[in-house]
2 protein chains.
Amino acid sequence: MMVSTKGRYALTVMTDIARNSDGGYVSLADIAERQKLSMKYLESIIAILNKGGLLESLRGKNGGYKLARDPGDYNISEILLLTEGTLAPVNCIMQDGVQCEKAATCSTLPLWAGLDKVIENYLSKITLEDIINGNRRKMLGDYCDHCDTL
Amino acid sequence: MMVSTKGRYALTVMTDIARNSDGGYVSLADIAERQKLSMKYLESIIAILNKGGLLESLRGKNGGYKLARDPGDYNISEILLLTEGTLAPVNCIMQDGVQCEKAATCSTLPLWAGLDKVIENYLSKITLEDIINGNRRKMLGDYCDHCDTL
DNA sequence: CTTATTCCTACCTCGGTGGTAGGATTTGTC
DNA sequence: GACAAATCCTACCACCGAGGTAGGAATAAG
């Protein structure tokens, strides 16, 4: 599994806030209630989003969280990357410049690199707004005959 | 991580056999030696490939393993699917017909379905032969301007 | 009958996932 | 000023899959 509950819940939180904010702050309790998820666990995930600058928060009564930008300005890749740490499908393609010692002679490496690229390409093209609007054509790719058969 | 060492080593084993078989059987010890991997661990992985019908085996002296088909007739998806069990990037898209209970109202599900499709599409188009031949254009996709910018 | 090999079963360690618990701090409202 | 509603912070924990290891039984070639 490439994306754990952390990343999935992060995305759920972002869409929930986008939908229910209306300019104001949305409380953690409300999100947990609506999404039927553990408030305590969501809290730890939201903290990541907040520290990462994807959300803005207000403490105290009537406080909560709101998006730092317009939904269309978030791509899914950055949300998942922040919460998951990496989106690489395999260990041997780790980003931080550290390469597998066998990389030079590894014949399967191009495959993993290609897979990584395909994933990153897909996720970076889709925005939070696409999810809110239920843009199925963009997400499921039915519109692209070429890519379907390729 | 979507693909563990099990799947990666499985692919490494398949390419090693394809390269070194020459019609005959390749022994586990030789593969482990060439690839610098634990023979005991490889053994458990090769057992899956063998039971799954991707390899043929011969016991006893001068025994070993060989491919059941031509390299060009294996696509990477089936090799990884057999060893990993699933290639789904998230838990909530599990294949066996069992769906998440929130599926009907989940706005992020199409995203995961689309991601799953993109991955499956990529891996099913590449063959073992492509890896052996180092077909970088196909694996890294540089030839497709359209898909690059899409 | 010896040797090289696959086949089978059982076991082990470690780190990450998926949480839970409790309290400290901040802010709006009366 | 008190209270309530909210975020923020630190610590803890159980479970399970990843990534192996170990030892021996069965089989086939020479």
Side-chain angles (χ1 to χ4, degrees), chain A residues 1-10 12-13 17 20-21 24-33 35-66 68 80 83-86 88-92 94 100, chain B residues 1-10 12-13 17 20-21 24-33 35-66 68 80 83-86 88-92 94 100:
Chain A
M1 226 52 56
M2 196 178 56
V3 180
S4 66
T5 56
K6 215 195 261 183
R8 284 197 286 126
Y9 290 0
T12 299
V13 162
I17 293 175
N20 298 286
S21 169
Y25 292 90
V26 181
S27 84
L28 176 56
D30 286 353
I31 301 172
E33 164 64 20
Q35 304 298 331
K36 306 290 177 205
L37 295 174
S38 152
M39 179 169 152
K40 275 300 188 183
Y41 187 38
L42 278 194
E43 192 185 328
S44 67
I45 293 167
I46 258 187
I48 301 172
L49 296 170
N50 194 24
K51 281 181 187 166
L54 300 194
L55 291 177
E56 285 173 6
S57 68
L58 179 67
R59 301 176 71 168
K61 199 160 184 175
N62 299 327
Y65 303 91
K66 67 176 179 183
L80 295 180
T83 46
E84 295 289 331
T86 175
V90 288
N91 246 331
C92 55
M94 288 306 269
C100 170
Chain B
M1 227 52 56
M2 195 176 59
V3 180
S4 67
T5 55
K6 214 194 258 183
R8 284 197 286 129
Y9 291 0
T12 298
V13 162
I17 293 175
N20 297 287
S21 170
Y25 291 89
V26 180
S27 84
L28 177 55
D30 286 354
I31 301 173
E33 164 63 20
Q35 304 299 330
K36 305 291 178 205
L37 295 173
S38 152
M39 178 169 154
K40 275 299 188 182
Y41 188 36
L42 277 194
E43 191 184 331
S44 66
I45 293 167
I46 257 187
I48 301 173
L49 296 169
N50 194 25
K51 282 180 186 164
L54 301 194
L55 292 177
E56 285 172 8
S57 68
L58 180 68
R59 300 176 72 167
K61 200 161 185 174
N62 298 330
Y65 303 92
K66 66 176 178 183
L80 295 180
T83 46
E84 295 287 331
T86 175
V90 289
N91 245 332
C92 56
M94 289 306 271
C100 170

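Below, read A as the first sequence line, B as the second, and so on, with proteins coming before strands; counting in each chain starts at 1. Quantities reported herein were computed from a predicted structural model and do not represent experimental measurements.
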Write down the distance between [atom1] ([X]) and [atom2] ([N]), rounded to a whole number of angstrom.
X	N	atom1	atom2	answer
L28(A)	dA5(D)	CG	C1'	12 Å
I45(A)	dC8(D)	CD1	P	15 Å
N91(A)	dG16(C)	CG	C1'	12 Å
K6(A)	dG19(C)	NZ	C1'	11 Å
E43(B)	dA10(C)	CD	P	15 Å
Y65(A)	dA5(D)	OH	P	17 Å
I31(A)	dT7(D)	CD1	C1'	12 Å
N62(B)	dT2(C)	CG	P	19 Å

Non-hydrogen side-chain atoms of L28(B) and I46(B) separated by less than 4.5 Å: yes
Pair of N/O donor and acceptor under 3.5 Å linking dT26(C) base with R59(A) side chain: no
Check: K40(A) side chain, dG22(C) base, donor-acceptor under 3.5 Å: yes
Starting at [atom1] of [X], measure out to [atom2] of [Y] and round the result to the nearest 0.5 Å.
X	Y	atom1	atom2	value
I45(A)	N50(A)	CD1	CG	13.5 Å
Y9(B)	S4(B)	OH	OG	9.5 Å
L42(A)	T5(A)	CG	OG1	9.5 Å
R8(A)	T83(A)	CZ	OG1	11.5 Å

OP1 or OP2 of [N] versus the side-chain N and O atoms of [X]: is any pair under 4.0 Å?
X	N	value
T5(B)	dA18(D)	no
S38(B)	dT21(D)	yes
Y25(B)	dA4(C)	no
S57(B)	dC7(C)	yes
N50(B)	dC7(C)	yes
S4(B)	dG19(D)	yes

5' priority, DNA chain D, between K51(A) and G60(A) [closest heavy atom]: G60(A)
Touch class at under 4.0 angstrom, heavy-atom based, for L58(B) against every strand present: sugar-phosphate
Among dG20(D), dT20(C), dA5(D), the nucleotide that comes nearest once only the side chain of Y41(A) is considered: dT20(C)
First encountered from the 5' end of DNA chain C, between K61(A) and Y9(A): Y9(A)
